[in-house]
Visitor: 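Attaching a single structure in C-alpha coordinates format; questions to follow.
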Amino acid sequence: MSRYHETYAAWKQDPARFWAEAAGAIDWVKPWRDVYARVDGLDRWFVGAECNTCWNAVDRHVKAGHGERLAVIYDSPITGAKAQYTYSQLLDEVATLAAALEDLGVRKGDRVILYMPMIPQALFAMLACARIGAIHSVVFGGFASGSLASRIEDASPRLIISADAGSRSGKVVEYKPLLDEAINLSAFKPDAVILCQRPQEQAAMVAGRDHDWAQ
(Lines give C-alpha, C1' and ligand atoms only; values in the text may rest on other atoms or scores of the structure.)
Protein backbone atom coordinates (compact mmCIF):
# COMPACT_ATOMS: atom_id res chain seq x y z
CA MET A 1 0.00 0.00 0.00
CA SER A 2 1.08 3.57 -0.67
CA ARG A 3 2.61 5.49 2.23
CA TYR A 4 2.12 8.83 0.53
CA HIS A 5 -0.34 10.30 3.01
CA GLU A 6 1.67 9.05 5.99
CA THR A 7 4.87 10.51 4.55
CA TYR A 8 3.22 13.81 3.67
CA ALA A 9 1.76 14.12 7.16
CA ALA A 10 5.18 13.47 8.75
CA TRP A 11 6.76 16.20 6.65
CA LYS A 12 3.98 18.67 7.40
CA GLN A 13 4.11 18.04 11.15
CA ASP A 14 7.89 18.53 11.53
CA PRO A 15 9.74 19.45 8.29
CA ALA A 16 13.18 19.75 9.91
CA ARG A 17 12.98 16.34 11.56
CA PHE A 18 11.57 14.77 8.39
CA TRP A 19 14.43 15.99 6.19
CA ALA A 20 17.05 15.25 8.82
CA GLU A 21 15.91 11.63 8.87
CA ALA A 22 15.88 11.51 5.06
CA ALA A 23 19.40 12.96 4.93
CA GLY A 24 20.59 10.18 7.21
CA ALA A 25 20.32 7.82 4.23
CA ILE A 26 23.54 9.22 2.74
CA ASP A 27 27.06 9.82 4.09
CA TRP A 28 28.18 13.28 5.20
CA VAL A 29 31.73 14.61 5.56
CA LYS A 30 30.53 17.27 7.98
CA PRO A 31 27.12 17.40 9.74
CA TRP A 32 24.77 20.37 9.43
CA ARG A 33 24.17 23.12 11.97
CA ASP A 34 20.63 23.70 10.75
CA VAL A 35 18.45 21.59 8.47
CA TYR A 36 16.96 24.78 7.07
CA ALA A 37 17.71 28.49 7.52
CA ARG A 38 17.49 31.83 5.78
CA VAL A 39 21.05 32.98 5.04
CA ASP A 40 21.61 36.39 3.43
CA GLY A 41 18.01 36.41 2.30
CA LEU A 42 18.24 33.00 0.61
CA ASP A 43 16.78 29.63 1.56
CA ARG A 44 19.56 27.24 2.60
CA TRP A 45 19.29 23.55 3.41
CA PHE A 46 21.69 21.60 5.64
CA VAL A 47 23.62 24.73 6.56
CA GLY A 48 27.29 24.09 7.29
CA ALA A 49 27.19 20.50 6.06
CA GLU A 50 29.46 18.92 3.49
CA CYS A 51 29.07 15.74 1.45
CA ASN A 52 30.65 14.31 -1.67
CA THR A 53 28.15 13.27 -4.31
CA CYS A 54 30.63 10.93 -6.02
CA TRP A 55 31.23 9.09 -2.75
CA ASN A 56 27.50 8.72 -2.20
CA ALA A 57 26.83 7.62 -5.78
CA VAL A 58 29.72 5.16 -6.08
CA ASP A 59 32.18 4.54 -3.23
CA ARG A 60 29.73 3.83 -0.44
CA HIS A 61 28.08 1.06 -2.47
CA VAL A 62 31.45 -0.62 -2.98
CA LYS A 63 32.27 -0.15 0.70
CA ALA A 64 28.94 -1.77 1.60
CA GLY A 65 29.89 -4.90 -0.34
CA HIS A 66 27.91 -4.19 -3.52
CA GLY A 67 30.90 -3.75 -5.80
CA GLU A 68 29.85 -6.55 -8.16
CA ARG A 69 26.34 -5.22 -8.65
CA LEU A 70 25.57 -3.48 -11.94
CA ALA A 71 25.79 0.30 -11.68
CA VAL A 72 25.61 1.36 -15.35
CA ILE A 73 23.95 -0.26 -18.36
CA TYR A 74 24.74 1.45 -21.68
CA ASP A 75 22.76 0.49 -24.79
CA SER A 76 22.94 2.90 -27.73
CA PRO A 77 20.12 2.53 -30.30
CA ILE A 78 22.15 4.71 -32.70
CA THR A 79 25.53 2.98 -32.81
CA GLY A 80 24.50 -0.38 -31.39
CA ALA A 81 27.23 -0.10 -28.76
CA LYS A 82 26.56 -1.83 -25.45
CA ALA A 83 28.47 -1.84 -22.18
CA GLN A 84 27.93 -2.66 -18.53
CA TYR A 85 29.85 -1.48 -15.48
CA THR A 86 29.69 -2.78 -11.94
CA TYR A 87 30.13 -0.39 -9.03
CA SER A 88 33.73 -1.55 -8.66
CA GLN A 89 34.44 -0.96 -12.34
CA LEU A 90 32.70 2.42 -12.17
CA LEU A 91 34.84 3.38 -9.19
CA ASP A 92 38.03 2.43 -11.08
CA GLU A 93 37.01 4.53 -14.10
CA VAL A 94 36.02 7.55 -12.05
CA ALA A 95 38.99 7.46 -9.66
CA THR A 96 41.44 7.12 -12.57
CA LEU A 97 39.94 10.09 -14.41
CA ALA A 98 39.81 12.16 -11.21
CA ALA A 99 43.54 11.51 -10.68
CA ALA A 100 44.24 12.53 -14.28
CA LEU A 101 42.32 15.77 -13.79
CA GLU A 102 44.37 16.57 -10.71
CA ASP A 103 47.59 15.76 -12.58
CA LEU A 104 46.52 18.32 -15.20
CA GLY A 105 46.03 20.99 -12.54
CA VAL A 106 42.31 20.83 -11.85
CA ARG A 107 41.53 21.76 -8.25
CA LYS A 108 38.48 22.24 -6.04
CA GLY A 109 36.33 25.07 -7.41
CA ASP A 110 37.82 24.94 -10.93
CA ARG A 111 35.43 24.65 -13.86
CA VAL A 112 35.50 21.79 -16.37
CA ILE A 113 33.42 21.83 -19.55
CA LEU A 114 32.00 18.52 -20.78
CA TYR A 115 31.34 18.58 -24.53
CA MET A 116 30.41 14.97 -25.11
CA PRO A 117 27.89 12.59 -26.65
CA MET A 118 25.68 10.39 -24.48
CA ILE A 119 28.31 7.76 -23.68
CA PRO A 120 29.41 6.23 -20.35
CA GLN A 121 32.51 8.45 -20.33
CA ALA A 122 30.26 11.50 -19.91
CA LEU A 123 28.98 10.01 -16.65
CA PHE A 124 32.51 9.15 -15.56
CA ALA A 125 33.53 12.76 -16.20
CA MET A 126 30.69 14.22 -14.11
CA LEU A 127 31.48 11.93 -11.20
CA ALA A 128 35.23 12.56 -11.47
CA CYS A 129 34.66 16.31 -11.24
CA ALA A 130 32.42 15.86 -8.20
CA ARG A 131 35.01 13.60 -6.62
CA ILE A 132 37.66 16.35 -6.51
CA GLY A 133 35.29 19.27 -5.99
CA ALA A 134 35.50 20.68 -9.52
CA ILE A 135 32.42 22.24 -11.13
CA HIS A 136 31.34 20.63 -14.38
CA SER A 137 29.41 22.49 -17.06
CA VAL A 138 27.64 20.30 -19.63
CA VAL A 139 27.52 21.76 -23.14
CA PHE A 140 25.23 20.03 -25.60
CA GLY A 141 27.30 17.81 -27.89
CA GLY A 142 27.49 19.04 -31.45
CA PHE A 143 26.85 22.72 -30.64
CA ALA A 144 28.32 25.01 -33.28
CA SER A 145 31.73 26.52 -32.59
CA GLY A 146 30.37 29.98 -31.82
CA SER A 147 27.92 28.67 -29.25
CA LEU A 148 30.60 26.54 -27.61
CA ALA A 149 33.06 29.46 -27.62
CA SER A 150 30.60 31.67 -25.72
CA ARG A 151 30.23 28.98 -23.06
CA ILE A 152 33.99 28.60 -22.78
CA GLU A 153 34.29 32.34 -22.20
CA ASP A 154 31.48 32.28 -19.64
CA ALA A 155 32.82 29.31 -17.63
CA SER A 156 36.58 29.97 -17.98
CA PRO A 157 37.26 26.23 -17.64
CA ARG A 158 40.61 24.91 -16.52
CA LEU A 159 40.04 21.93 -18.81
CA ILE A 160 37.61 20.56 -21.40
CA ILE A 161 36.62 16.91 -21.70
CA SER A 162 35.29 15.91 -25.10
CA ALA A 163 35.09 13.13 -27.68
CA ASP A 164 36.31 12.99 -31.23
CA ALA A 165 32.80 12.47 -32.56
CA GLY A 166 29.20 11.67 -31.78
CA SER A 167 26.30 10.15 -33.71
CA ARG A 168 23.00 11.76 -34.59
CA SER A 169 20.30 10.24 -36.79
CA GLY A 170 22.81 7.65 -37.96
CA LYS A 171 25.34 10.28 -39.06
CA VAL A 172 28.75 10.94 -37.54
CA VAL A 173 29.13 14.43 -36.08
CA GLU A 174 32.78 15.39 -35.72
CA TYR A 175 33.19 17.17 -32.37
CA LYS A 176 36.93 17.80 -32.48
CA PRO A 177 36.98 20.34 -35.36
CA LEU A 178 34.12 22.20 -33.66
CA LEU A 179 35.98 22.18 -30.36
CA ASP A 180 39.26 23.36 -31.93
CA GLU A 181 37.50 26.22 -33.69
CA ALA A 182 35.61 27.17 -30.51
CA ILE A 183 38.88 27.40 -28.55
CA ASN A 184 40.37 29.53 -31.33
CA LEU A 185 37.35 31.86 -31.20
CA SER A 186 37.23 32.11 -27.43
CA ALA A 187 39.12 34.86 -25.62
CA PHE A 188 39.70 32.37 -22.80
CA LYS A 189 41.92 29.36 -23.49
CA PRO A 190 41.68 26.20 -21.35
CA ASP A 191 44.92 24.66 -20.13
CA ALA A 192 44.13 21.22 -21.50
CA VAL A 193 41.68 18.98 -23.36
CA ILE A 194 41.01 15.32 -22.58
CA LEU A 195 39.68 13.56 -25.66
CA CYS A 196 37.82 10.26 -25.78
CA GLN A 197 38.62 8.65 -29.12
CA ARG A 198 35.71 6.55 -30.45
CA PRO A 199 35.60 4.00 -33.29
CA GLN A 200 33.52 6.35 -35.47
CA GLU A 201 36.32 8.87 -35.94
CA GLN A 202 39.95 9.34 -34.93
CA ALA A 203 40.74 13.02 -34.41
CA ALA A 204 44.05 14.85 -34.69
CA MET A 205 45.53 15.95 -31.37
CA VAL A 206 46.98 19.37 -30.58
CA ALA A 207 50.46 18.86 -29.14
CA GLY A 208 50.91 20.15 -25.62
CA ARG A 209 47.18 20.73 -25.06
CA ASP A 210 45.30 17.54 -25.94
CA HIS A 211 45.48 14.30 -23.98
CA ASP A 212 44.07 10.94 -25.08
CA TRP A 213 41.56 9.56 -22.54
CA ALA A 214 42.94 6.04 -23.04
CA GLN A 215 46.50 7.07 -22.22
Side-chain angles (χ1 to χ4, degrees), residues 23 25-29 50-108 110-143 157-176 179 190 192-203 205 210-215:
I26 65 173
D27 295 338
W28 295 82
V29 177
E50 292 182 6
C51 71
N52 187 286
T53 52
C54 179
W55 171 274
N56 279 291
V58 185
D59 298 65
R60 73 188 186 100
H61 300 297
V62 176
K63 184 179 179 182
H66 304 306
E68 298 311 305
R69 294 181 63 180
L70 276 179
V72 179
I73 299 175
Y74 173 63
D75 187 347
S76 172
I78 299 175
T79 65
K82 297 182 180 182
Q84 295 184 347
Y85 298 86
T86 65
Y87 278 103
S88 291
Q89 291 170 328
L90 177 60
L91 177 57
D92 288 343
E93 294 283 352
V94 172
T96 299
L97 180 57
L101 292 176
E102 290 185 318
D103 285 345
L104 291 171
V106 179
R107 298 292 182 263
K108 182 178 180 179
D110 286 341
R111 277 79 61 201
V112 175
I113 279 183
L114 310 184
Y115 180 63
M116 304 187 74
M118 297 289 285
I119 55 178
Q121 287 77 10
L123 172 62
F124 303 159
M126 294 180 203
L127 289 168
C129 288
R131 189 175 192 83
I132 62 175
I135 302 164
H136 74 266
S137 172
V138 176
V139 177
F140 178 74
F143 258 5
R158 172 80 65 179
L159 181 145
I160 297 176
I161 303 177
S162 187
D164 53 0
S167 299
R168 189 173 306 149
S169 301
K171 297 181 179 179
V172 174
V173 179
E174 296 185 13
Y175 284 19
K176 189 55 164 52
L179 174 60
V193 170
I194 293 180
L195 193 71
C196 178
Q197 300 271 23
R198 305 179 70 203
Q200 290 87 345
E201 189 74 22
Q202 292 293 304
M205 307 288 277
D210 295 351
H211 303 267
D212 193 319
W213 180 299
Q215 299 178 3

Visitor: Tell me whether Trp28 contacts the main-chain N or O of Ala23 through its side chain, where contact means a donor paired with an acceptor under 3.5 Å.
Guide: yes

Visitor: Of the non-hydrogen atoms in Glu93 and Tyr85, which two are nearest, and what is the gap between them?
Guide: OE2-CE2, 4.1 Å

Visitor: Under the side chain to side chain contact (heavy atoms under 4.5 Å, CB included) test against Arg131, which residue among Leu91, Thr53, Val58 passes?
Guide: Leu91

Visitor: Apply the test side chain to side chain contact (heavy atoms under 4.5 Å, CB included) to residues Leu101 and Ile161: give CA-CA distance (whole Å), side-chain angles for both, the deciding distance (0.1 Å), then the verdict.
Guide: CA-CA 10 Å; Leu101 292 176; Ile161 303 177; 4.1 Å; yes

Visitor: Within this structure, what is the CD-CG distance for the pair Gln89 and Leu70, rounded to the nearest 0.5 Å?
Guide: 8.5 Å

Visitor: Run Asn52 and Asp59 through side chain to side chain contact (heavy atoms under 4.5 Å, CB included) and show every step you take.
Guide: CA-CA 10 Å; Asn52 187 286; Asp59 298 65; 5.9 Å; no

Visitor: Atom OG in Ser137, atom CE in Met126: separation rounded to 0.5 Å?
Guide: 10.5 Å

Visitor: Between Gln197 and Ala203, is there a donor-acceptor pair closer than 3.5 Å when you use the side chain of the first and the backbone of the second?
Guide: yes

Visitor: Measuring from atom OG1 of Thr79 to atom CD1 of Ile119, what distance do you get when rounded to the nearest 0.5 angstrom?
Guide: 9.5 Å

Visitor: Can you tell me if Asn56 uses its side chain to pair, donor with acceptor, with the backbone of Asp27 under 3.5 Å?
Guide: yes

Visitor: Can you see which heavy atom on Glu102 is nearest to which on Arg107, and at what distance?
Guide: O-NH1, 2.8 Å

Visitor: What's the spacing between Tyr115 OH and Phe143 CZ if we round to 0.5 Å?
Guide: 8.5 Å

Visitor: Just to verify, what does Arg158 make a salt bridge (charged side-chain N to carboxylate O under 4.0 Å, His left out) with, not counting sequence neighbours?
Guide: Asp110, Asp191

Visitor: List the steps and the verdict of side chain to side chain contact (heavy atoms under 4.5 Å, CB included) for Arg69 and His61.
Guide: CA-CA 9 Å; Arg69 294 181 63 180; His61 300 297; over 6 Å; no

Visitor: Can you tell me how far the NE2 atom of His211 sits from the CG atom of Asp103, to the nearest 0.5 Å?
Guide: 10.0 Å

Visitor: To the nearest 0.5 angstrom, please state how far the CD atom of Gln84 sits from the CG atom of Leu90.
Guide: 13.0 Å

Visitor: Measure across Cys54 and Val94 and return the closest heavy-atom pair with its distance rounded to 0.1 Å.
Guide: SG-CG1, 3.7 Å

Visitor: Shortest non-hydrogen contact from Pro190 to Ile160?
Guide: CG-CD1, 3.8 Å

Visitor: Specify the closest pair of heavy atoms between Trp213 and Phe124, including all atoms of both residues, with the distance to one decimal.
Guide: CZ2-CD1, 4.0 Å

Visitor: Quick check: closest heavy atoms across Ala122 and Pro117, and the distance to 0.1 Å?
Guide: CB-O, 3.8 Å

